[in-house]
Each structure stands twice: as C-alpha cells, then as structure tokens.
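First comes the structure, then the notes that go with it.
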Amino acid sequence: MTEIAESPRVGTETPDLEIILPARAENVAVVRHAVGGLGEVLDVDDQTLSDIKLAVTEACTNVVVHAYPDSVGPMGLRATVDDRRLDLVVIDRGRGIVPRADSPGLGLGLPLIATLAESLELGTGRDEETEVRMVFDLGAPGPGEELGA
Amino acid sequence: MSEQAGTNEAIVRVRSGPLVGAVLGRVVGMLAARAQCPIDRLDDAILLTDAVAAHAPVHALDHHVHVVVAADDEHLELRVGELRPAGGRRLLADGDLPGVGNVFDRVADDVQAGPAPGGDSDELILRLNFRT
C-alpha cells in the first residue's frame, strides 16, 4: 500500500550513500547508474531494482526540469539501508514543489513514484532543501549480503 | 559545486564497505565517459578508483569515504577527502605494489597528498590528463 504525505522533515542519521551533482539532464543517468551499484551490492532482485531506478529517475528528472528555471543548482541523492528497507531521498535547493501551469511534463512523475514505492513523502529538509523521500522494501536478502565494513 | 561551463562535478560520500567500489566506479565511469575521456584513460580512471575504494576506508575519519569527482574536456580529478591526519600520505603509500611501484604515481599524471584546506582533515588528489 502506497502512502503519500506532505510534511516537514528533520534530518536523519548519516546516510550510507550521498551523491550531489549539478542538476543537469546528463547527471540523471549518473544517479541512476549509482543506484544500480547500490542494488548490486544489496542483491536486490531485477524487478525491484528496476522500480527503484525508475522512481529515482523520475524524481531527478523533476529536479532538472522544475527546480531551477533560470540556473543550474545542486541535485542530491541520499540512501539509507536498514533491515532490507531502502530509504531514498532526492534533494534540491530549488523553488519547492509547486503547481506549474506551464509545466512541460504530463504530471505523471509523482504518481508513478507513489505507485512504485512503498511510501512517498514530499517535504522540506533541515537546510530548507526540497525533499522527495521514497521507501522501498528490498525483499529477502541474497546469501552473504552485507553492506557495512 | 562548480558551475564552470564544461566541468561536471560529483560529490560522493559512501559508507565504508562494498558499496564504495560499486558506486564510485560507476560515478567515475559515467563522468569520464561524458567528458569524452579516451578509452585507455578511462581504464586508468577505473584502476585509480578501485585502488581508492580498496584502501581509503581505513584512513577515513568517520567510516565514510568522501570523494569529489570532477571532469572536463581535458582532465579527470579525484579528490579523496575527510581522511585522518597523515591519511593522504598513508593512502598514497598503500598504492605500492611490489615490483610495479606505486599505482597512484604510475597511473595518475599528478598526485598530491596532504592536509585539506581548513586543516581539519587530510586529502589525496589524483589528476588524469586525457591528452598527453
């Protein structure tokens, strides 16, 4: 069951992975590829990993298209794994998630993410970043899966 | 973050463990490829990345490996930061291979190890030129 909520968020513990890049179209693929590495290490099944990569791609594409109308700002991904639960947060420092009458997209990105993820939250981080927070159930681990050192 | 035209920069912070190599290798490979890095130098970049992933965790300050990857039309730079005091030089020394020499020195065009700006931590900077 997917839940959508909008609420302010307080920053959490140090994530297992954090990537920050300029919010350019070419860098959406970089983030997607990095998530592929995360899935490989966590031994995530192909279908789940495909869903995660699609959701992250949609969230990052939203940042590129909507966050910085007149400039290029930062786009970030934070990933935290806890007991086969993957918490992904896509971050920007743009103008926030607001309706756009002149939106170039179809408006399907967030509903698609909501369908793919266990839960989806839109909010504001401790440093006033815009956050799209997604949670995924990674299912049963493969043999020998171990994230930490 | 750099806003210079033609330069792409990723700040990567990964918890020490198998995730470092898996994520860092992909990020470096993507940025280098986007920067039109020649295939032989791409190989070198991945070699350096693998060496960083293998040795940096023991020198990291807080169990996370912190790397800034910057690429433009002529260079790729890996700035491995937030290392313990003298961690830059120790990480560099970890690249010594018997009979081969130091992998960082042999592969990178420019290598710098020492305190990071601000002095709170150490860093190792590796720079690859795409054209010699």
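Each chain gets a letter, A, B and so on, in the order its sequence line appears, and its residues count up from 1.
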Checklist line | Nearest atoms (heavy-atom pairs only) where B:A10 meets A:L21 | finding: CB-CD2, 3.6 Å

Note to self: Quick check on the hydrophobic clustering: are B:L61 and B:L24 connected, directly or via other members, by side-chain heavy-atom contacts under 4.5 Å?
What the structure shows: no

Checklist line | More than 12 heavy atoms from other groups under 6.0 Å of CG on A:D127 | finding: yes

Note to self: Going by side-chain contact (heavy atoms from CB on, under 4.5 Å), name the residues that satisfy it together with A:H33, two or more places apart in sequence or in a different chain.
What the structure shows: B:R26, B:M30

Check: Mind checking whether A:L49 and A:L120 sit in one hydrophobic cluster, side chains of I, L, V, M, F, W, Y counted as touching below 4.5 Å?
Finding: yes

Next item on the list: Check A:L17 against B:V12 and note the closest heavy-atom contact, atom names and distance.
Entry: CD1-CG1, 4.5 Å

Note to self: I need the single residue from B:R13, B:H66, B:R15 that forms a side-chain contact (heavy atoms from CB on, under 4.5 Å) with A:E18. Which is it?
What the structure shows: B:R13

Next item on the list: Provide the closest heavy-atom pair for A:V41 versus B:A22 in the form atom of the first, atom of the second, distance.
Entry: CG2-CB, 3.4 Å

Note to self: Report which part of A:A29 has an atom under 4.5 Å of a heavy atom belonging to chain B: side chain, backbone, both, or neither.
What the structure shows: both

Check: Are more than 12 heavy atoms from other residues, nucleotides or ligands located less than 6.0 Å from atom CG of B:D120?
Finding: no

Item checked: Nearest heavy-atom neighbours spanning B:L19 and A:G37 -> CD1-O, 4.4 Å

Note to self: So for A:E40, is it side chain, backbone, both, or neither that comes closer than 4.5 Å to the heavy atoms of chain B?
What the structure shows: side chain

Check: side-chain contact (heavy atoms from CB on, under 4.5 Å) between A:D16 and B:V14: does it pass, once the steps are laid out?
Finding: CA-CA 6 Å; A:D16 295 303; B:V14 194; over 6 Å; no

Notebook entry, point to check: Looking only at heavy atoms, which of residues 84-94 of chain B get nearer than 4.5 Å to chain A?
Noted result: none

Which atom pairs, donor and acceptor, lie under 3.5 Å between side-chain atoms of residues 50-57 of chain A and protein residues at least two apart or in another chain?
from, atom 1, to, atom 2, distance (Å)
A:D51, OD1, A:Q47, NE2, 3.1
A:T57, OG1, A:R32, NH1, 2.9
A:T57, OG1, A:K53, O, 2.6

Next item on the list: Determine, using the 4.5 Å side-chain heavy-atom cutoff (strictly less than), whether B:L97 and B:L48 are members of one ILVMFWY cluster.
Entry: yes

Check: What heavy-atom pair brings B:N8 and A:E26 nearest, and what distance separates the two atoms?
Finding: ND2-OE2, 3.4 Å

Next item on the list: Would you please name every residue forming a side-chain contact (heavy atoms from CB on, under 4.5 Å) with B:A45, sequence neighbours left out?
Entry: B:V28, B:L76, B:L128

Item checked: Hphob cluster co-occupancy, B:L42 + B:V23, side-chain heavy atoms under 4.5 angstrom -> no

Check: Does one hydrophobic cluster hold both B:V111 and B:V69, with members joined at side-chain heavy-atom distances below 4.5 Å?
Finding: yes

